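Here is the structure we will look at, set down as structure tokens.
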Amino acid sequence: MVYGIAKMLNFAHGDVIMIGAYVCFFSLLHWNIPTVFAIILAMIICTALGVLIERLAYKPLRAAPSLAVLITAIGVSYFLQNAAQLLWTSSPKVFPSVLGDTSLRLFGGQLSVSMISVVTVAACIVIMLGLTWFTGKTKTGKAMRACSEDKGAAQLMGINVNLTISVTFAIGAALAAVAGVLLCSAYPMLMPTTGAMPGIKAFTAAVFGGIGSIPGAMLGGILLGLIEIFGKAYISTQLSDAIVFAVLIIVLLVKPAGLLGKQVREKV
Amino acid sequence: MLKVENMNVYYGAIHAIRNVSLEVLQGEIVTLIGANGAGKSTVLQTISGLMRSKTGDIAFMDENIAAVTPHKIVERGLAHVPEGRRIFLRMTVRENLEMGAYTRHGSEVQEALEKVYQLFPRLLERRKQIAGTLSGGEQQMLAMGRALMSRPKLLMLDEPSMGLAPILVEQIFSIIEDMNKNGVTILLVEQNAQIALSIADRGYVLETGSIIMSGTGHELSQSDDIRKAYLGG
């Protein structure tokens with residue numbers, strides 16, 4: 001979504017996920033805040049962080065070539081990782097179980113699904129529906145779509161393009177906080193590089209599904225997960241990441257717009 | 001209503017607009033004609049704040065807008081239909097119109113919508129259609145309707161005849177005259193000098209970034225130089 005509107009790849013997204021997880025970790029373990037408030041706090045802090053990053057790092061480059069912005073985004077990503085390392089050391093922290101170890105038993109106990117997986121899938125569906133509603137029905141959401149099509153024309157409509165882009169980053173960052181909590185509940189190992197791989201995988205999923213398309217990102221994510229798991233099970237555990245990225249390369253070669261991608265028209 | 005004084009615009013090292021001054025009075029249709037590349041669109045883009053002039057002033061309703069951001073300029077009642085229409089192709093007709101009313105609130109939006117549908121019944125028929133599927137003439141109507149949604153005092157139109165069949169051009173220009181009769185002041189940029197001068201109260205001729213002539217629509221269309229250069233003899 002951020003790509004669709006700001007026309008940039010936010011490589012620091014995964015690291016915002018990591019920061020969100022840390023915030024949640026500290027509020028749960030050290031300050032004993034109830035889970036719900038810990039998640040909300042993480043969202044607030046990540047939102048502020050997302051807007052701050054956008055203002056300080058990306059906004060001055062709005063007219064710059066996309067390569068400069070890309071490199072800046074990678075820089076922000078390293079900055080966040082190293083700042084986290086300085087603040088919280090590089091030793092992994094064990095993330096507390098937010099939901100307990102309960103699991104859902106289906107078919108008379110033959111199939112057991114951990115609660116966190118159920119919650120994750122549910123949260124993804126809710127977020128996807130929420131985003132679709134937001135961009136389709138609200139004034140700000142429609143303004144985002146207008147900005148993603150034509151920033152100049154959007155300005156002529158009286159839309160504050162800079163503000164709209166900031167709002168987009170804020171939403172992206174708030175959702176990254178939720179992702180952080182879910183991720184660390186499923187894989188309770190938290191360290192400063194926790195967000196790096198999921199960040200790249202999420203980007204892969206978005207490209208796979210069709211960049212700029214919200215259902216596409218979700219479909220891409222599901223397919224990517226299946227490919228990774230089946231790759232691990234039937235081909236090789238160590239090669240699973242390589243398989244994922246190989247699939248990405250093939251998709252980009254065959255269908256550059258992604259599975260549900262919009263045809264990109266060249267502007268004349 | 002609009003007064004541009006001593007506008008100078010550069011694209012990098014290229015001096016695109018040289019000392020342009022022009023004025024649009026309340027209720028007028030003023031046209032800015034000139035050949036391809038003369039800088040007509042640049043003048044409009046600078047007025048609406050998308051580009052900046054190095055010198056001079058731009059006054060709208062007696063207030064200087066030379067440093068105001070584009071979205072604030074729209075709020076003050078100056079709308080701009082850009083060259084090539086630039087409607088939002090992936091959004092519906094209705095959503096395009098809603099974006100036009102971005103600076104307006106509540107019942108104002110509904111009123112503006114009804115007025116635009118009255119002026120362009122075709123847009124009412126097609127309100128749920130994706131704008132990219134409209135024909136060229138309908139897209140031009142949508143672009144104009146979208147600009148009217150902000151309830152502008154002054155409407156700037158950039159090449160509304162571009163790419164349209166002659167019969168549609170006539171239709172679009174009669175709508176422009178209608179809008180003007182409804183109290184919207186018009187600043188019209190056109191390559192099609194003949195039709196532009198036929199509806200304009202006054203006109204300016206722009207050549208390589210400078211205004212070389214100005215006068216009433218009638219005077220300009222009678223001028224020998226203009227006839228030779230822009231009206232085909």
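Predicted model, so just to flag it, every value in this text is computed and none were measured.
- Going from atom CE of A/Met157 over to atom OH of B/Tyr102 covers 12.5 Å, rounded to the nearest 0.5 Å.
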Please test B/His105 against A/Lys139 for side chain to side chain contact (heavy atoms under 4.5 Å, CB included), starting from the C-alpha separation and ending with a verdict. CA-CA 11 Å; B/His105 304 280; A/Lys139 193 170 173 181; 3.8 Å; yes
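- Looking at B/Glu98, the atoms closer than 4.5 Å to chain A (heavy atoms on both sides) all sit in the side chain, from C-beta outward.
- Residue-environment remark: OH (B/Tyr10) exceeds the threshold of 12 foreign heavy atoms within 6.0 Å.
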What's the verdict on side chain to side chain contact (heavy atoms under 4.5 Å, CB included) for B/Leu50 and A/Leu156, showing C-alpha distance, side-chain angles and the deciding distance? CA-CA 8 Å; B/Leu50 294 176; A/Leu156 292 180; 3.8 Å; yes
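- The OG1 atom of A/Thr164 lies 9.0 Å from the NE2 atom of B/His71; values are rounded to the nearest 0.5 Å.
- For a residue to count as touching a neighbouring chain, one of its non-hydrogen atoms must lie under 4.5 Å from one of that chain's; by this rule B/Arg104 touches chain A with the backbone only.
- Contacts between B/Ile87 and chain A at a heavy-atom distance below 4.5 Å involve the backbone alone (N, CA, C, O).
- Taking each heavy atom of B/Met99 and A/Ala146 in turn, the nearest pair found is SD-CB, 3.9 Å.
- Within a 6.0 Å sphere centred on CZ of A/Phe37, other residues, nucleotides and ligands contribute 12 heavy atoms or fewer.
- Within a 6.0 Å sphere centred on CD of B/Glu111, heavy atoms belonging to other residues, nucleotides or ligands number more than 12.
- Heavy-atom neighbours of B/Asp62 CG from other residues, nucleotides or ligands within 6.0 Å: at or below the threshold of 12.
- Of the possible polar contacts, one joining the A/Glu149 side chain to the B/Arg90 backbone as a donor-acceptor pair under 3.5 Å is found.
- Within the model, atoms NZ of A/Lys137 and CD of B/Glu95 stand 7.5 Å from one another, a figure rounded to the nearest 0.5 Å.
- Within 6.0 Å of OH in B/Tyr11 there are more than 12 heavy atoms belonging to other residues, nucleotides or ligands.
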